[in-house]
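Note sheet for the following structure.
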Amino acid sequence: MPDLFAEKLLDWYDNHGRHNLPWHHDRNAYRVWVSEIMLQQTQVATVIPYFEAFMASFPDVQALASAPEDAVLSHWSGLGYYARARNLHKAAKQIVEAYDGEFPQDQEALESLTGIGRSTAAAILAQAFGKRAAILDGNVKRVLARYHAVPGWPGQSAVLKQLWQHAETHTPNHRVRDYTQGIMDLGAMVCTRSKPKCDSCPLNSGCVAYAESQTHLYPGSKPKKQKPEKTTWMLIFEDTEGRILLERRPPSGIWGGLWSLPELDPAYGAEELQEACEKELGLVCSDPELISGFRHTFSHYHLHIQPARLPVSGNTRIADSESQRWLHRDEALTLGLPAPIRSLLTEPEQSALL
DNA sequence: GACGCGTGGAA
DNA sequence: TTTCCAAGCGT
């Protein structure tokens, strides 16, 4: 007996799905891979311009593997989750060295590459090679949780396991590429988080949540937690030539590997800033000019950023190095910068949210 | 298994 | 304004 789920979905995809996304053109494993990494936890509309620019600079896996990491991070600036860029670059080197530049075509080998997990490996297999492989991204989770009325939050492993089971069961043996794209499109366009368009859904006749008018209950919501508040000084040191001091952040943690402004312990008061800069950083500054602080919200905490501009008259310790550089503003903006730092440098007056 | 990791859009 | 969460993965 044919799986009507897949057949109905494929028919819908032919008529209503998305067939013209940038990574659908000149489709190959490299383009599919880069798009899948960029699309992790990131919406399609956000990704498109980044994908185009990335492909123009790194058209194939060899170009990416031989590029400096800074260039890769610079292309990721503003996209977030920067470990994705570092892992992508690392995996490109692995593919060139271990696989002679040819992508492996089995699930296990793909998952051994940095940054490729179960769902991304499956997406590459299906999209690039037409092989049968089940995916389970946020869209598919929502479709399946509603269709089968799977209770609970998908962050719980028991719930996730059930959803994977359903995903495997529904994945057809033919037209896997279209099916995979189709079920994601359905989740993005019809089975949306709020106000799903059930009337025009090809799967509504078999959908349990729809039959019970309970689509809003699926998937179960994440338990909410209080976000902690953190505070930091962000220092804009400016020398007599108009150059600014940038520091490379450690490879792990927030904004890992990106360039940012030097920070100082928030325990220092504004009046202690000048002295602290000389003591801790070896920079002789005149009075700090306090810029309006603002609160930046991350996934797990709020960060109160207190910017201060400090004209530097003497420099006793810091010189350009691997992790510290004096740059003019326009040069700084070519580096891989976190979005809030980029806007702080381009429009400091508009960062005044508080 | 729980947590850390960014940003922007939608409600 | 705040919260949620979007083509997840590594530790």
Side-chain angles (χ1 to χ4, degrees), chain A residues 18 21-24 32-51 73 76-88 90-91 110-124 126-127 133-143 153-161 163-164 167 180-189 191-195 216 219-230 249-258 260 294-303 336-343 353-354:
Chain A
R18 295 177 290 192
L21 294 170
W23 39 93
H24 294 163
V32 169
W33 172 49
V34 172
S35 74
E36 289 296 333
I37 300 300
M38 286 187 171
L39 286 161
Q40 288 170 6
Q41 305 288 280
T42 310
Q43 296 187 350
V44 169
T46 303
V47 164
I48 288 175
Y50 282 88
F51 179 83
L73 282 172
W76 220 267
S77 178
L79 196 52
Y81 282 156
Y82 300 99
R84 293 184 295 176
R86 300 194 303 274
N87 290 337
L88 191 76
K90 186 175 174 185
L110 284 170
E111 285 186 33
S112 75
L113 296 168
T114 326
I116 299 182
R118 181 173 181 178
S119 201
T120 300
I124 294 170
Q127 298 282 341
I135 60 156
L136 189 65
D137 57 10
N139 291 311
V140 181
K141 285 175 187 170
R142 194 167 50 250
V143 171
W153 174 53
Q156 296 174 315
S157 59
V159 178
L160 195 61
K161 190 175 173 182
L163 293 173
W164 269 113
T180 301
Q181 184 64 49
I183 194 167
M184 288 190 289
D185 288 356
L186 188 76
M189 300 164 68
C191 197
T192 46
R193 179 158 64 98
S194 59
K195 299 180 184 176
H216 61 288
S221 58
K222 173 171 129 175
K224 57 174 78 175
K225 286 179 186 168
Q226 190 87 355
K227 287 178 184 168
E229 290 276 353
K230 302 183 180 184
R249 298 185 60 85
S252 63
I254 191 77
W255 299 336
L258 272 70
S260 184
F294 58 98
R295 193 170 77 148
H296 187 78
T297 298
F298 293 99
S299 300
H300 297 281
Y301 60 93
H302 304 286
L303 181 64
L337 298 173
I341 304 306
R342 177 172 296 276
S343 48
L353 301 180
L354 280 177

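Each chain gets a letter, A, B and so on, in the order its sequence line appears, and its residues count up from 1. All figures in this text were calculated on a predicted structure; none of them were measured in a lab.
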Rounded distance in Å between the P positions of B:dC3 and C:dC4: 16 Å
Value in whole Å for how far the P atom of C:dA6 lies from CZ of A:R18: 13 Å
Set of salt bridge (charged side-chain N to carboxylate O under 4.0 Å, His left out) partners for A:R142, sequence neighbours left out: none
Sugar-phosphate, base or nothing in reach of A:Q181, heavy atoms under 4.0 Å: base
Rounded interatomic separation in angstrom, taking NE2 from A:H302 and P from C:dT2: 7 Å
Test log, rule side chain to side chain contact (heavy atoms under 4.5 Å, CB included), inputs A:W33 and A:L113: CA-CA 11 Å; A:W33 172 49; A:L113 296 168; over 6 Å; no
C1'-based separation of B:dG1 from C:dA6 [nearest Å]: 23 Å
A:K222 side chain near C:dT3 phosphate (N/O to OP1/OP2, under 4.0 Å): no
Interatomic distance at P, C:dC9 relative to B:dG8, whole Å: 23 Å
Sugar-phosphate, base or nothing in reach of A:W33, heavy atoms under 4.0 Å: nothing
Sugar-phosphate, base or nothing in reach of A:R342, heavy atoms under 4.0 Å: nothing
Protein-nucleotide distance (A:I135, atom CD1; C:dA6, atom C1'), rounded to Å: 14 Å
Nearest atoms (heavy-atom pairs only) where A:Y81 meets A:S299: OH-OG, 4.0 Å
Sugar-phosphate, base or nothing in reach of A:V140, heavy atoms under 4.0 Å: nothing
N or O in side chain of A:S157 less than 4.0 angstrom from B:dG1 OP1/OP2: yes
A:E229 CD - C:dT2 C1' separation (whole Å): 12 Å
Residue A:S221, side-chain atoms from C-beta onward, closest of C:dC9, C:dC5, C:dA6: C:dC5
Partner set under salt bridge (charged side-chain N to carboxylate O under 4.0 Å, His left out) for A:R193, not counting sequence neighbours: none
Spacing between A:D185 atom CG and C:dA6 atom P, to the nearest angstrom: 15 Å
Letter per nucleotide, 5' to 3', of nucleotides 4-11 of chain B [B base touched, S only sugar-phosphate touched, - untouched; heavy atoms, 4.0 Å]: BBBB-B-S
Under 4.0 angstrom between A:K224 side-chain N/O and C:dC4 OP1 or OP2: yes
Partners meeting side-chain contact (heavy atoms from CB on, under 4.5 Å) with A:D185 (sequence neighbours left out): A:W12, A:Y13, A:R18, A:Q181, A:M189
Separation of C:dC9 P from A:K90 NZ (nearest whole Å): 16 Å
A:E36: partners by side-chain hydrogen bond (donor to acceptor under 3.5 Å, both in side chains), with sequence neighbours left out: none
Heavy-atom closest contact (A:M38 atom, A:Y50 atom, distance): CE-O, 3.7 Å
Set of ring pair (Phe, Tyr, Trp, His ring centres under 6.0 Å) partners for A:W255, sequence neighbours left out: A:F298
For atom NZ of A:K225 and atom P of B:dC3, their distance in whole Å: 4 Å
First encountered from the 5' end of DNA chain C, between A:I37 and A:Q226: A:Q226
